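I have placed the structure first, in the form of structure tokens, so that the comments after it can refer back to it.
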Amino acid sequence: MIYEIRFHGRGGQGAVTAAELLVKAAVTEGKWGQSFPFFGAERRGAPVTAYARISEEKHFIHSPITEPNIVVVLDKKILDVVDVTDGLKEDGTLIINSSRSFPKESLKKFRTCIVDATKIAVSLGLSVAGWVIVNTAMLGAIIKAVPIVTIESVMNAIRNNWSGRIGAINAEAARRAYEEASFL
Amino acid sequence: MIYEIRFHGRGGQGAVTAAELLVKAAVTEGKWGQSFPFFGAERRGAPVTAYARISEEKHFIHSPITEPNIVVVLDKKILDVVDVTDGLKEDGTLIINSSRSFPKESLKKFRTCIVDATKIAVSLGLSVAGWVIVNTAMLGAIIKAVPIVTIESVMNAIRNNWSGRIGAINAEAARRAYEEASFL
Amino acid sequence: MKRVAAISFPSKGVAGKTGVWRIRKPILDRQKCVKCLICWIYCPEGTILRKEDDSIEIDYEYCKGCGVCANECPARAIMMVEE
Amino acid sequence: MKRVAAISFPSKGVAGKTGVWRIRKPILDRQKCVKCLICWIYCPEGTILRKEDDSIEIDYEYCKGCGVCANECPARAIMMVEE
Amino acid sequence: MNIKDLDREEYILSGNSSCPGCPASLGFRLIGKAVGKNAIIVIPASCMTIIQGAYPNTALILPTLNIAFAASAAAASGISAALEIRGKNYPVIVYAGDGGTADIGLQALSGAAERNENITYICYDNEAYQNTGIQRSSATPYGAWTTTTLKGKQERKKDVPKIMASHNIPYVATASVAYPTDFIEKVKKAIKIKGFKYIHLHAPCPTGWRFPSEKTIEVGRLAVQTGVWILYEIENGILKLTGPSKNLLEKSARKPVREYLRAQGRFQYLSDEIVKNFCDDIEEKWNEIGMILNLQNHLSTT
Amino acid sequence: MNIKDLDREEYILSGNSSCPGCPASLGFRLIGKAVGKNAIIVIPASCMTIIQGAYPNTALILPTLNIAFAASAAAASGISAALEIRGKNYPVIVYAGDGGTADIGLQALSGAAERNENITYICYDNEAYQNTGIQRSSATPYGAWTTTTLKGKQERKKDVPKIMASHNIPYVATASVAYPTDFIEKVKKAIKIKGFKYIHLHAPCPTGWRFPSEKTIEVGRLAVQTGVWILYEIENGILKLTGPSKNLLEKSARKPVREYLRAQGRFQYLSDEIVKNFCDDIEEKWNEIGMILNLQNHLSTT
Amino acid sequence: MIRVLTGNHSVAYAALLSNVEVISAYPITPQTQIVEKLAEFVETGQLKAKYVRVESEHSAMAVCIGASSAGARTFTATSSHGLLYMSEMVYWASAARLPIVMPVVCRTLGPPWNIWNEHTDFLLVRDYGWVQFFAESNQELLDTVVQAYRIAEDERVLLPVMVGLDAFTLSHISEPVDVPEMDLVKKFLPPRSNIPYVLDPSKPFTFGNLAYPSHHMALKFMHHTSMENVIKVVSEVDNEWNKIFGRSYGILDKFMFDDARVVILTIGSSAGDAKEAAKYLRKRGVDAGVLRLRLTNPFPAKEISNILSNVEAVAVVDRNLSPGNGGIILEKVRSSLYSSKNRPFIKGYLAGLGGKDITVKDYVKIFEKTLESYKKGDSGTEWFNLNLEVTNL
Amino acid sequence: MIRVLTGNHSVAYAALLSNVEVISAYPITPQTQIVEKLAEFVETGQLKAKYVRVESEHSAMAVCIGASSAGARTFTATSSHGLLYMSEMVYWASAARLPIVMPVVCRTLGPPWNIWNEHTDFLLVRDYGWVQFFAESNQELLDTVVQAYRIAEDERVLLPVMVGLDAFTLSHISEPVDVPEMDLVKKFLPPRSNIPYVLDPSKPFTFGNLAYPSHHMALKFMHHTSMENVIKVVSEVDNEWNKIFGRSYGILDKFMFDDARVVILTIGSSAGDAKEAAKYLRKRGVDAGVLRLRLTNPFPAKEISNILSNVEAVAVVDRNLSPGNGGIILEKVRSSLYSSKNRPFIKGYLAGLGGKDITVKDYVKIFEKTLESYKKGDSGTEWFNLNLEVTNL
Ligand SMILES: Cc1ncc(C[n+]2csc(CCOP(=O)(O)OP(=O)(O)O)c2C)c(N)n1
Ligand SMILES: Cc1ncc(C[n+]2csc(CCOP(=O)(O)OP(=O)(O)O)c2C)c(N)n1
Ligand code: SF4
Ligand code: SF4
Ligand code: SF4
Ligand code: SF4
Ligand code: SF4
Ligand code: SF4
Ligand SMILES: [Mg+2]
Ligand SMILES: [Mg+2]
């Protein structure tokens with residue numbers, strides 16, 4: 001089984017880092033993984049996309065992900081301008097940062113999991129220059145929705161990435177989101 | 001018959017121009033011809049080489065002349081540092097600017113023609129910055145030795161190259177050398 | 001006809017509706033505005049629209065919410081509010 | 001051993017015996033020479049040889065006959081003569 | 001010149017790909033207001049490449065030639081030659097970043113200046129290779145952090161306007177996006193002069209200099225008010241301070257340089273020693289300018 | 001410095017391929033006398049390429065890297081970096097023509113200067129591309145005939161020493177082959193300074209300037225005596241006239257410029273107007289220098 | 001130690017492990033991460049090297065040439081326009097016989113501007129006398145860059161080495177990489193020493209002055225001969241690497257190859273997707289295989305012709321274009337097999353130009369199309385996944 | 001009018017006759033005579049053009065790109081290092097679809113420095129999307145440069161054209177050249193007009209901004225297609241030239257070819273010497289012939305494979321080197337014939353590198369060697385007239 005995950009966020013929210021952390025978590029579990037951004041001009045605030053591909057075994061693929069089985073939306077504003085479900089497998093999972101149940105009607109046909117990552121991040125003080133940093137919280141929600149790796153591995157990967165308090169808070173964000181995320 | 005002619009002179013004496021003038025003369029007679037320098041660093045005073053190739057019919061050759069049938073030496077000082085007969089065909093002709101009969105013993109085996117081009121040039125006032133310009137005189141001597149073209153064609157080519165008095169004097173130099181050149 | 005060379009023609013929104021990029025939004029208080037056009041000349045996006053009478057309007061479709069207008073307005077007539 | 005790269009080693013007369021290039025030849029008049037070494041320092045060829053006692057000698061094998069030495073000698077101790 | 005008198009027309013369209021608060025797109029917008037629609041633009045690789053958006057669309061309304069990084073002044077020379085031989089007379093304007101000007105484009109620039117080509121070269125100086133992600137350029141200031149000078153740049157900022165003035169061209173000026181009318185006046189003047197004109201536009205970049213996007217103008221203003229960036233023009237060899245810089249010859253009239261440095265993340269970790277060197281350099285530059293002005297005064301009165 | 005004190009050793013061998021009366025080979029010879037044998041030389045495409053002679057022989061006794069036309073300052077930077085990392089400390093000296101300096105090599109030169117690389121860059125200025133047969137360079141003087149400016153060059157000579165001085169490097173100097181001790185002193189001083197040093201050597205070329213080979217020094221001397229070429233050095237920003245130029249600030253002390261022009265074939269057909277412009281430019285340069293010296297005096301006394 | 005690294009950072013780590021002494025590079029997307037990471041290594045003291053922050057790529061390579069001539073182990077990296085801007089010096093480096101190593105992050109050349117993957121830049125310099133590798137994965141990339149120094153400095157070679165990698169689809173993909181221990185690498189790659197020509201006043205010589213025709217031709221022959229040695233040296237070095245680190249790559253990377261009837265021949269990271277396609281088709285009974293060229297220059301013509309003679313159909317997938325001529329690798333492969341007795345059917349594909357993706361599914365299609373064309377005997381080149389709409393005005 | 005002109009001056013006359021409007025070039029041996037002669041034409045008012053005396057070749061080509069984008073007919077010329085120094089812009093010119101014409105005087109690349117004839121420089125840019133001709137004689141050179149503008153500006157082409165000529169053995173050889181009347185040339189080549197994209201404020205557009213992969217690939221395809229049109233356009237233009245001036249050259253120059261059993265295939269002025277060798281051998285009963293490629297890019301693969309299929313043995317003489325790989329033209333010829341039923345025996349020769357002469361006698365030897373090798377079936381490449389003495393230390 002290869003998990004192919006696409007992240008939608010906005011420049012400044014950390015989608016690329018989220019994808020990479022997921023891979024790092026997978027690697028600590030002896031799995032194989034890749035992450036990569038869609039490379040265009042990533043301006044602050046503009047929609048960005050990132051990818052992760054996680055599998056039990058090493059494989060040779062290097063081409064982009066066109067038919068993900070998991071789509072993660074870090075910012076629901078994205079939903080207005082990007083068709084986030086493009087290519088999403090029919091049995092795929094959608095994970096959205098939102099406080100409302102379905103931010104958009106058309107998403108109903110997918111297995112959808114929501115989490116109020118913004119609230120979690122804000123409550124933990126995770127914001128930089130006006131931007132709420134939701135990426136680590138979203139990682140927790142992903143793991144809840146699809147058990148790609150354990151939440152412990154994710155938290156470890158986060159703590160290895162940022163030492164000290166920052167790491168701790170971000171790991172906590174992931175943990176909370178892991179608990180709070182819910183399917184619809 | 002292809003005439004392959006090699007000129008030996010020193011930078012500043014006009015060997016390259018001589019070769020070109022010979023071709024121009026040939027062309028006015030409806031013949032075909034090529035001239036070219038040996039291209040290295042031509043410093044004033046240093047030995048230089050130039051070539052001309054004259055034939056009745058057009059041909060396709062563009063490679064250098066390695067086995068000339070005519071060798072022309074504009075400055076006998078050259079004889080001390082360059083083997084001017086290198087590659088010269090056994091039945092080839094050697095034309096040397098010299099007042100003495102054989103400036104070098106080893107040249108005796110070739111059909112040799114000498115002319116005191118320096119004297120002719122000096123007498124006509126053909127000198128620039130200490131250099132006696134002997135190239136046009138040598139042209140006359142060549143034609144005398146081997147009738148590649150007529151002396152008239154050579155004189156015309158010279159007059160077409162330099163208008164007015166300069167042309168006239170140079171043509172005169174050629175004419176005198178034509179008359180004075182002699183075989184040994 | 002075929003376009004052989006890479007020539008491009010002018011078009012608004014080459015990067016899409018850049019209004020979505022905002023996290024804060026400039027709100028104009030017409031009462032306070034003295035029509036000095038400072039916001040207009042400084043807006044990097046050209047999304048402060050200058051009207052005939054030199055009053056201004058904000059083009060939210062493309063305004064990226066940089067906040068320059070609000071920061072520079074001498075009358076403090078523009079406020080940045082969270083989206 | 002094979003020489004793989006284009007490296008060249010110092011050697012006199014890379015252009016041959018450049019003495020043949022001359023049309024005029026510098027002749028030193030030792031009587032006039034005051035050993036100021038001006039000709040030595042100005043000779044572009046290094047063919048004014050400086051002796052232990054700062055007297056000079058001309059290396060005709062390589063002197064190109066430019067005439068700089070003669071032109072610069074303050075004592076007019078060098079003359080250029082036709083070869 | 002009054003803001004109200006400026007052209008209402010826009011020559012760069014909204015919704016382009018610049019970062020929020022971008023000084024490069026603002027600079028281009030202002031050029032449009034100075035030259036109107038009859039001009040030809042040349043742009044080398046830089047943030048402006050991205051800002052235009054992608055084929056088959058463009059945000060620019062002026063006819064524009066994108067060109068290789070090192071080639072703008074030469075390409076502009078070619079356009080200018082073609083216009084001349086074809087009897088046309090539009091201003092040809094290069095709009096290039098500091099990297100494309102002070103580094104890889106310098107040779108072509110210097111050559112065009114020496115030939116006194118009839119072009120106006122405008123460098124927007126955001127003090128690093130921003131388009132490739134904030135690497136140092138020779139125009140990056142001493143002490144500034146970039147991704148290739150993590151401990152701060154060791155060398156001084158290359159003084160390109162001074163170098164260009166040493167080319168004896170008819171017009172050299174500095175400007176700042178924080179002073180739009182000053183800049184626009186300079187561009188308007190430049191395009192009327194025949195020969196090579198050089199304008200160096202200070203362009204504070206929120207992304208690369210690490211300050212919030214709303215501060216672009218504020219940081220630009222601070223640069224001028226602290227004397228870090230000096231507004232002047234050199235017309236036929238005669239130097240003149242312009243705009244607010246006119247009143248800043250006295251050090252006491254200038255704000256403390258620290259205010260400028262503090263406003264930017266890239267200068268966050270400067271040691272006191274480096275700050276001192278930084279300030280000394282600025283002092284020196286002002287002294288130099290003061291001297292030149294003195295002399296000019298002296299000459300014009302004698 | 002006295003001629004008699006100079007190194008007796010030669011670092012360029014006789015019988016090389018220079019033209020009779022060549023200032024480039026003379027310049028190299030003098031450098032050898034200044035630096036001795038422990039130096040590494042970098043030479044771009046130029047007359048010096050030919051002068052060395054052909055593989056597998058060379059006329060140069062100093063270790064020498066021949067390099068592409070545009071690359072000398074960068075290649076020298078690389079050598080200097082390698083020496084530093086390997087704990088060695090020889091002077092690295094570029095010896096380049098005016099074309100390789102003012103034109104195609106300018107960018108690398110400017111870059112190396114900005115980085116303040118520890119090299120000594122010496123430009124021998126024979127005022128054209130002589131090696132390829134006398135085409136104009138940006139250092140060709142106004143009015144001079146070359147094979148690409150048959151009616152005389154229209155533009156002014158690029159003032160490379162001034163441009164280099166605008167790079168704020170520790171040492172800039174001009175020199176002339178006609179004043180060997182002045183030149184040698186400058187080279188000796190330069191190689192002792194750490195950082196980027198630039199020396200611009202005036203090198204009258206009989207072949208290209210169209211004068212008899214014995215006049216190389218005479219023409220060089222005339223350039224200085226008429227004030228067309230000014231000998232100076234700028235050490236840490238302080239300008240000083242050197243050698244005979246020290247006494248030429250007063251115009252009356254200088255020989256008429258026409259004497260210099262008349263000595264050369266390339267200025268044969270100058271109109272009076274062009275001669276006047278030529279002279280005016282020189283006046284202007286002297287005025288500029290006079291001003292700077294005045295100011296420096298003023299500053300050092302206050 | 002296993003790290004999750006991008007291709008670019010794998011390159012930077014390789015330079016670190018190789019203890020390069022002089023680095024000079026100029027930033028260009030998508031190579032910048034290499035430059036930035038190395039700046040970090042140097043500024044934090046992890047790597048004792050001089051880092052020369054030049055003003056252009058021409059100068060970057062000139063710095064390397066100067067430094068290498070003076071004996072230092074040198075490194076640079078570039079891409080697309082940077083490679084072309086320095087091309088005079090690229091040629092210079094090899095003709096001067098200097099063991100410089102340069103990764104090239106392959107990117108489409110403009111105009112119009114484009115930052116994505118294409119191999120034209122890399123292949124445009126294939127005749128410049130450099131040894132060229134092209135990597136498939138980040139692990140191979142790191143290993144190859146270190147190996148490159150061993151090969152470059154081998155006295156039978158003494159030539160610069162280029163290592164190609166795909167823009168973004170390798171340069172910006174993070175994946176697990178086993179970063180070897182410095183001590184082990186030092187054993188494999190001792191400090192540079194054995195070069196017979198280093199600028200030094202103790203034995204003055206002149207590098208690269210004028211050479212007359214006969215001499216020049218002889219030097220060219222020496223160059224050619226050293227290139228011919230490369231094949232052997234690469235294998236030796238790779239074997240030694242294998243002994244120490246347990247990984248090896250060879251000159252040609254054969255995948256499900258030995259009994260394959262239809263083979264995709266290509267280079268770079270995308271070969272991995274072709275391998276997945278082959279796996280997929282094998283399950284469906286198609287004897288598919290992949291031949292990836294790891295060493296692309298000197299072109300292993302003999303090796304290729306030896307092993308391809310037994311294949312029925314070969315699809316050469318070129319992510320590059322010589323306008324009017326087609327794919328560059330196709331041409332080289334055809335030429336290699338010219339004198340073979342058994343010549344396979346060869347079909348060319350131009351794919352992924354301008355950075356267009358080539359997915360596993362695409363490779364499945366290419367396998368299938370090739371078999372079809374083979375039946376029909378249609379050996380023309382196909383533009384794969386071309387979309388011409390945009391060119392309508 | 002018949003004039004005795006060097007190759008370089010033939011080029012300059014061709015530019016004059018073509019009424020070029022903007023010239024920009026940088027001097028380099030052996031191209032300088034072109035630059036100087038054109039400066040003379042412009043300064044004496046014979047040619048009404050702007051002459052931009054740039055500071056480097058990169059800028060020379062950039063000037064041409066700017067000028068051509070703004071509608072002017074433009075000209076430049078270069079050689080060897082100049083060509084490499086401008087290579088970024090060389091690629092740019094073709095991708096921007098600008099009808100610039102550039103003669104290249106082919107010279108050996110350094111280091112070590114060398115100014116003599118070799119074709120490596122010219123062939124290193126063969127994949128840059130330019131149309132490339134290579135001339136044999138000064139007459140052909142002049143005629144081809146004028147024709148080049150017609151071809152470049154043809155709306156089916158709209159591409160830059162390069163014309164190669166041999167350093168010294170053509171550039172500096174004076175021979176009789178029939179210089180056509182200006183009026184006739186004007187009829188053949190009217191002022192440049194029909195380009196559908198010229199920078200002008202009346203219809204603003206942006207040239208060459210960023211293009212995404214799909215778009216970029218489509219533009220590449222357009223470029224490729226235009227290159228494919230070249231073969232046809234060249235023939236048309238050549239025919240028209242023939243009608244007006246009574247001379248034509250074709251794409252391939254076949255000499256004593258039709259019944260030849262052994263053929264020398266080469267390019268440039270030296271092909272003439274091969275022809276003389278063929279004449280000589282014919283007299284001695286050997287069925288020798290010569291095939292000279294006049295159009296070298298797009299490589300006339302189909303045309304070559306059509307006519308070579310009937311020949312027994314072909315000697316490809318390459319005056320260029322891809323170190324480690326051999327002759328570049330050999331590779332292209334082999335590839336062209338890969339799918340032919342009848343494939344001739346092909347032997348490669350590396351000759352004349354670094355400017356070494358190749359004489360008529362040498363060609364006679366090459367013919368003879370080829371026949372021998374053919375008998376032995378020895379198709380390896382031979383280094384012709386190699387002298388290795390100098391490399392002994
Ligand atoms: C020859 C070449 N080298 C490198 C690049 C990559 N590159 C594109 S833009 C850029 C930085 C531009 O910096 P600057 O001129 O300051 O403009 P800015 O991006 O800051 O606006 C670089 C390095 C290139 N396009 N071409
Ligand atoms: C890229 C490149 N362009 C052109 C040349 C040809 N070239 C060699 S030397 C030279 C002129 C050098 O002029 P300068 O630097 O003034 O030195 P000089 O010959 O006058 O001594 C030129 C144009 C070259 N070698 N490389
Ligand atoms: S927030 Fe920025 S983009 Fe929006 S209108 Fe204000 S200045 Fe313009
Ligand atoms: S800056 Fe403020 S006061 Fe001035 S026009 Fe804008 S909103 Fe009105
Ligand atoms: S310059 Fe004259 S006086 Fe002085 S050393 Fe030479 S010859 Fe003697
Ligand atoms: S003539 Fe010239 S080369 Fe000869 S010694 Fe005198 S200065 Fe030297
Ligand atoms: S990096 Fe700076 S200059 Fe570039 S687009 Fe962003 S804000 Fe503008
Ligand atoms: S042309 Fe001038 S600089 Fe060059 S070798 Fe001759 S004299 Fe010396
Ligand atoms: Mg910048
Ligand atoms: Mg010069």
Side-chain angles (χ1 to χ4, degrees), chain D residues 1-26 28 35-73 78 80 82-83, chain G residues 64-71 91-100 129-131 151-160 192 194-230 233:
Chain D
M1 191 198 153
K2 284 285 176 189
R3 167 157 27 188
V4 294
I7 57 176
S8 298
F9 296 98
S11 150
K12 229 179 183 177
V14 289
K17 304 275 185 230
T18 48
V20 247
W21 297 17
R22 281 194 305 272
I23 48 171
R24 282 162 312 176
K25 186 173 178 169
L28 172 68
K35 301 189 182 177
C36 66
L37 293 181
I38 283 182
C39 54
W40 172 71
I41 196 65
Y42 279 136
C43 171
E45 302 305 324
T47 44
I48 301 278
L49 306 177
R50 177 181 174 184
K51 303 277 136 188
E52 268 307 315
D53 65 347
D54 284 348
S55 72
I56 63 133
E57 221 169 68
I58 296 166
D59 177 357
Y60 290 116
E61 210 170 341
Y62 294 110
C63 159
K64 292 175 186 158
C66 68
V68 162
C69 53
N71 204 58
E72 298 307 320
C73 171
I78 304 180
M80 296 304 291
E82 301 288 314
E83 286 262 321
Chain G
C64 292
I65 288 169
S68 193
S69 304
Y91 192 95
W92 197 282
S94 79
R97 310 299 306 266
L98 298 170
I100 297 160
W130 285 55
V131 179
I151 297 161
E153 294 170 9
D154 189 295
E155 60 175 16
R156 294 163 294 176
V157 177
L158 287 173
L159 285 169
R192 181 179 165 199
N194 61 342
I195 309 301
Y197 39 85
V198 166
L199 285 170
D200 195 280
S202 65
K203 188 171 198 273
F205 60 75
T206 288
F207 225 136
N209 54 333
L210 190 78
Y212 280 96
S214 233
H215 294 172
H216 211 283
M217 186 159 175
L219 287 164
K220 279 216 150 78
F221 179 76
M222 300 303 285
H223 188 163
H224 183 69
T225 310
S226 300
M227 278 295 263
E228 290 182 328
N229 294 342
V230 165
V233 174

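Chain A is the first sequence line, chain B the second, and so forth, proteins listed ahead of strands; every chain is numbered from 1. Quick caveat: nothing in here was measured; it's all calculated off a predicted structure.
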Where Phe207(G) and Ala5(D) come nearest, the two heavy atoms and their spacing: CE2-CB, 4.2 Å
Say you draw a straight line from CZ of Arg3(D) to NE2 of His215(G); how long is it, rounded to the nearest 0.5 Å? 9.0 Å
Minimum heavy-atom distance between Leu158(G) and Val4(D), given as atom pair plus value: CD1-CG2, 4.2 Å
Bottom line for Ala96(G): the part with an atom under 4.5 Å from chain D's heavy atoms is backbone
Nearest 0.5 Å please: distance from the CD1 atom of Ile7(D) over to the OH atom of Tyr197(G). 8.5 Å
List the atom of Ser8(D), the atom of Asn209(G), and the distance in Å for their closest heavy-atom pair. OG-OD1, 2.7 Å
